[in-house]
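Worksheet for the structure shown next.
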Amino acid sequence: MLRLVSKRILGASREVLALQILPRFYHERVVDHYNNPRNVGSFDKNDPTVGTGLVGAPACGDVMKLQIKIDEKTGKIVDACFKTFGCGSAIASSSVATEWVKGKQMEEVLSIKNTEIAKHLSLPPVKLHCSMLAEDAIKAAVKDYEAKRAKSTSTESTSEEKVATA
């Protein structure tokens with residue numbers, strides 16, 4: 001009786017229903033970056049050549065810390081690392097982001113969009129917020145580095161002024 005009613009209500013055969021309730025699997029790139037995350041770790045946040053981006057998504061509880069190390073002479077990102085507390089898609093997005101930023105100029109990494117990360121990992125729409133976190137973490141890390149550089153530059157010029165007036 002239940003089977004007959006469910007067929008009438010849903011307008012589908014049992015085979016179609018079975019296909020609809022099959023579990024969805026992560027794309028192989030997500031699984032690879034989750035099982036073998038690249039660049040996990042952290043740098044000293046007080047290092048003037050390190051920018052730290054710490055972002056989170058209150059809706060799901062994911063928290064991502066992404067750090068970049070910059071060569072001050074060339075302005076290139078020479079290393080990157082991350083620590084992420086979250087789902088497999090968040091970890092994979094962080095891992096991909098650290099791979100993509102290495103060796104690039106800071107201006108270049110600001111053009112990395114969450115849609116590119118999501119497309120690369122084949123993330124479903126419900127997981128797009130993970131790639132958004134990665135994009136936001138990159139931007140926050142660059143902003144942190146630039147703020148440190150501006151602060152150290154102003155501190156140096158202030159101390160030079162003191163020496164000049166003495």
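One-based numbering along the sequence shown.
Hydrophobic clustering, defined by side-chain heavy atoms of Ile, Leu, Val, Met, Phe, Trp and Tyr closer than 4.5 Å, groups Ile91 together with Tyr34, Val40, Phe82.
There is no path of hydrophobic side-chain contacts, each under 4.5 Å, that joins Leu54 to Tyr145. In this structure, Leu133 is not a member of the same hydrophobic cluster as Val96, with clusters built from ILVMFWY side-chain heavy atoms closer than 4.5 Å.
The distance from the NZ atom of Lys65 to the NZ atom of Lys45 is 8.0 Å, given to the nearest 0.5 Å. Trp100 CH2 to Ile117 CD1: the interatomic distance, rounded to the nearest 0.5 Å, is 5.5 Å. Remark: His33 NE2 to His27 NE2 distance equals 11.0 Å, nearest 0.5 Å. Rounded to the nearest 0.5 angstrom, Lys104 NZ and Ile77 CD1 are separated by 9.0 Å. To the nearest 0.5 Å, atom CD1 of residue Ile68 and atom CG of residue Asn39 are 13.0 Å apart. Taking CG of Leu123 as the reference point, atom CZ of Arg29 lies at 10.5 Å (rounded to 0.5 Å).
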Point to revise | Stepwise side-chain contact (heavy atoms from CB on, under 4.5 Å) test for Leu121 and Ser93 | key: CA-CA 8 Å; Leu121 293 171; Ser93 294; 3.7 Å; yes

Review point. Please walk me through it: do Asp62 and Thr84 pass side-chain contact (heavy atoms from CB on, under 4.5 Å)?
Key: CA-CA 7 Å; Asp62 291 348; Thr84 296; 5.7 Å; no

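Between Val55 and Glu135 the shortest side-chain heavy-atom distance does not fall below 4.5 Å. With contacts defined as side-chain heavy-atom distances shorter than 4.5 Å, the pair Cys130/Cys87 qualifies. Looking at heavy atoms from C-beta onward, Ile112 lies in side-chain contact with Val101 at the 4.5 angstrom threshold. Between Lys102 and Val78, every side-chain heavy-atom pair lies at or beyond the 4.5 Å cut-off.
Here the shortest heavy-atom pairing between Phe43 and Val50 reads CB-CG2, 3.8 Å. What you find for Ala118 and Leu128 is that their closest heavy atoms are CB-CD2, 3.5 Å. Contact record, Gln105 with Gly75: OE1-O, 3.2 Å, taken as the closest heavy-atom pair. Listed here is the closest heavy atom pair of Ser111 and Glu116: O-OE1, 3.9 Å. The two residues Ala137 and Met64 make their nearest non-hydrogen contact at CB-SD, 4.0 Å.
Other residues, nucleotides and ligands contribute only 12 or fewer heavy atoms inside 6.0 Å of the NZ atom of Lys76.
Between Asp136 and Lys143, no side-chain nitrogen of the basic residue sits less than 4.0 Å from a carboxylate oxygen of the acidic one, so the salt-bridge criterion is not met.
Side-chain N or O atoms of Ser131 include none that pairs as donor or acceptor with a backbone N or O of Thr115 at under 3.5 Å.
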